[in-house]
Protein chains: 2
Amino acid sequence: MTEPRVRPTRAQQRRQTEEAILAAARQMFAEVGYDRTTIRAVAKAAGVDAGLVMHYFGTKDELFSRAAKLPAEQLPAEQLPTDTAEQMTEALLASLATRLDSEPVASLAVLRSMLTNTAAAERYRTAAEPRLNQITAAIPTPDAELRAGLLSAIVHGVIIERYLLGLARLADASPDQIIDLLRPCFQALAAAQTPPPPDQPPTDS
Amino acid sequence: MTEPRVRPTRAQQRRQTEEAILAAARQMFAEVGYDRTTIRAVAKAAGVDAGLVMHYFGTKDELFSRAAKLPAEQLPAEQLPTDTAEQMTEALLASLATRLDSEPVASLAVLRSMLTNTAAAERYRTAAEPRLNQITAAIPTPDAELRAGLLSAIVHGVIIERYLLGLARLADASPDQIIDLLRPCFQALAAAQTPPPPDQPPTDS
DNA sequence: GTCTATAACCCGATAGAC
DNA sequence: GTCTATCGGGTTATAGAC
């Protein structure tokens, strides 16, 4: 009998090299974007032949699509509370703090490519949409959709300048420092006007 | 004598076709980015031969560099007042309103390409630096540099989502609506905490 | 000054040997 | 399953005719 424990199943072996290819592809897509990422370079980084990459994924678009998927599609797990604007704001800040600490490389691949690749842009849109709806639901004003769009734009602007452009002022700061500065911004956007007006009218008027 | 008025100088003619090429290049760089822009397509859009583009600009990098320059380098003209944070904030909002109304296509070319082209990223950095310093100078807190970086990131995040990604919530809104919503955000970032600290120390201490 | 032809080099994708 | 060879296409850039 052949020892089936030591060298695992054909399918397992395949999944293993597939994962190595995907990891290399994610890294390169995140670093230089879709166009400048070549199948040949991905294969070399993964230690396999270029033909094998094509054999597994068929096309470069499919490779990008698979590489850009977050592991186990864990997105639906992180939901924002929509009860009050304050809760949503804090949850959004906490989510941003996590992303500022270590943004998944698959997300960076999408962000890096979304300005020059329509498939990446579409993936960005569909990934951001449920979150936009959650933010909108927590804001009690008629212009909630625009406010939610601005909050999302701020989050992504900060992440882009920190990770993709490496601007020193944002790249060197700590996540806590950034979210502490952004908290009043977010509260102003989510809570409409200031709760207590300065000069209180008489109680009976 | 040959009539020199009707058909202008050789140099003028050259400048004219050069400008046509640059306009076509700006448009294409802004729409699809550096990599997907080809010399051939630019030449066709400008109504000239591809070889002529190379003859004028020598290399694709030089063509991008020339196309990405704002006309007459009018950047130093728009300076932000650095006297008080309030003045700077309003000026920054006014500048954003103008850009939301019609962002120069040369700027869009840089923004579209900066995530996948190092020359574009470098141009973005050097163009943003003087403005960052002006914003910093108007903020009276020790973390002024980080606050300025966040303000800049917000501005560019909004512009990117509006023009380059075409997200509906930001693309359909009016500039005035957007800056009115962003005003409290910017004030919170620029003005630090509430001006009068609650407990004043004794005068002589 | 303008345009044609082509060189030299990449790429993604395919076919087939082993 | 893995790798080599190659096809067909694209690009920038150059050389040279008109």
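Just so it is clear: chains get the letters A, B, ... in the order the sequence lines come, proteins before strands, and each one is counted from 1.
For the salt bridge (Lys or Arg N to Asp or Glu O under 4.0 Å) condition, the pairs that include at least one residue of residues 130-145 of chain A, sequence neighbours left out, are A/E78-A/R131, A/D143-A/R147.
Atom-to-atom, CZ of A/R15 to P of D/dG1 comes out at 13 Å; the value is rounded to the nearest Å.
Put simply, the residue from A/L151, A/L150, A/L189, A/L182 that forms a side chain to side chain contact (heavy atoms under 4.5 Å, CB included) with B/C185 is A/L189.
Using modelled atom types, one finds a donor on one side chain and an acceptor on the other under 3.5 Å when comparing B/Y34 with B/D61.
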- Note on the structure: The contact string for nucleotides 2-14 of chain C, one letter per nucleotide 5' to 3', using protein heavy atoms under 4.0 Å with B, S and - for base, sugar-phosphate only and none, comes out as BSB------SBSB
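A search for side chain to side chain donor-acceptor pair (under 3.5 Å) contacts involving B/Y124 returns A/E161, B/H156, not counting sequence neighbours.
The shortest side-chain heavy-atom distance between A/I159 and A/L96 falls under the 4.5 Å cut-off.
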